[in-house]
Visitor: 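A single structure is presented below for examination.
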Amino acid sequence: MFMNIFEDTLKRIENLGKIGDFNKKQLQIFSKPKREHYSELVIGDMKFPAFRIQYNDARGPTKGGIRYHPDVSLDEVRALALWMSLKCAVVDIPYGGAKGGVKVNPKQLSQEELEEISRQYVRAFHEEMGPEKDIPAPDVYTTPQIMAWMLDEFEKIKGGHYPGFITGKPLELGGSKGRDKATAMGAYYVLREYVKSNKIDSRIMKIVIQGFGNAGMHISKILFDEGYKIIAISDSKGGVYDKKGLNIPKLIEYKKKKRKVSGFTKDIKNNDLLELECDVLVPAALENQITKENAGSIKAKIILEVANGPITSDADEILEIGDKIVLPDVLVNAGGVTTSYFEWVQNNTGYYWEEEEVLDKLDKKMTKSFYEIDKKVKEKDISYRDAAYIIAIERILKSEKLRGNA
Ligand code: NAD
């Protein structure tokens, strides 16, 4: 059944009023975005609705990726922008949250058309964005090349160089070393600390990954290199399964050649993959994947939410009853925005760091954030998601209060 993820997130926040140190009136700040911008991008007789939503900017300029997907909707972009606000506060970086989206299937566009809608997006929203106002980045089906076109368009309009306008750029245009794998590295640091603090032997852990794009492919490679056994992986066309463990470098080669994972070894349906017997399930595709319909069938002990919003709130309740540990998206995939922040800092200072320095700083940020949340989980006997949301809401409300708004 379709779940409105924006309303679902508002419900989660409302429920926190019962366990957090804030009142209903203060939580009103989170009930709607501060600014919403709409446009329509046009190629020939094709029209594509486009959005840029700036949810909360109390802690700094808003930050968030741009998604190209046929299912993009206003409420999806609102939810993603709200999660960005929380996420930046969870890892304590000086940003608010935003998100952009275009309702388009980029796989059906030529390269020239893809460039044209990317430039049109910037022409539509350039007045609302900028290095000190709102900083976009890649998301589902948007790439470093798209960021390069967008930067070029912005700089043409403004007549100068503004590398801090957008992150996730190619290195040659001011991108950061380590940004390509940052989301996955951040997720790995969170899992590593959870495993360490619970004294689990990672060498016997079996992993299942849904999604094999930027985030899914990198996390599979990192976990494979760290000695974890990955038994199943899927992409939008289907999944593959091998209980002895998949050879990830070979699967990456296969995917590059065939543009799909199915056929590499024994095939498995996407829905069956989610319900496999395993230690860690890593949703790394889209939202609304674990709902009240399938939550009771999930056998994984830990769910590492690399994707944004893969679990609905009613599914969360079912998983909690089943003693499943959900490590939430607002922490787990925050390595992406944290390294985007590092990219912006490098752009603004004009001094660039080596990959080792970037990943070392990322590791410190993620590890510190994990233990802040872990402490709250233990103090209040609540879920990791509730603990992360409470920490984020408290931080945002502090800034709102200092500004005289809460
Ligand atoms: P991507 O476009 O690179 O990859 C998406 C992958 O999901 C593709 O492999 C696609 O085939 C697969 N997919 C789509 N529908 C599927 C389905 N029903 N079953 C299985 N696989 C399916 O996107 P990405 O950047 O890897 O983002 C994935 C998720 O991670 C999104 O929720 C995104 O918001 C989140 N995320 C990404 C980043 C980042 O830096 N890339 C940062 C934070 C959060």
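Whatever order the structure lists ligands and atoms in, that order sets their numbers, starting from 1.
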Visitor: Please identify each residue that fulfils salt bridge (Lys or Arg N to Asp or Glu O under 4.0 Å) with R123, with sequence neighbours left out.
Guide: E116, E153

Visitor: Mind checking the OG1-OH spacing from T367 to Y189? Nearest 0.5 Å is all I need.
Guide: 8.0 Å

Visitor: Sort out the contact shell of ligand 1: every protein residue with a heavy-atom distance below 4.0 Å, listed by chain and number.
Guide: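 Contacting ligand 1 under 4.0 Å are R67, D139, V140, Y141, R179, T183, Q210, G211, F212, G213, N214, A215, S234, D235, S236, N270, A284, A285, L286, V306, A307, N308, N333.
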
Visitor: Would you sort out whether Y55 and W83 count as a ring-ring contact (aromatic ring centres under 6.0 Å, His included), showing the intermediate values?
Guide: CA-CA 9 Å; Y55 209 96; W83 293 333; over 10 Å; no

Visitor: Run the salt bridge (Lys or Arg N to Asp or Glu O under 4.0 Å) test against E379 and tell me which residues pass, sequence neighbours left out.
Guide: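 Partners of E379 under the salt bridge (Lys or Arg N to Asp or Glu O under 4.0 Å) test: K375.
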
Visitor: If you take all heavy atoms of G101 and I66, which pair is closest and at what distance?
Guide: N-CG2, 4.3 Å

Visitor: Test of understanding: with salt bridge (Lys or Arg N to Asp or Glu O under 4.0 Å), list the residues that count as partners of E275, not counting sequence neighbours.
Guide: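 Here no residue qualifies.
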
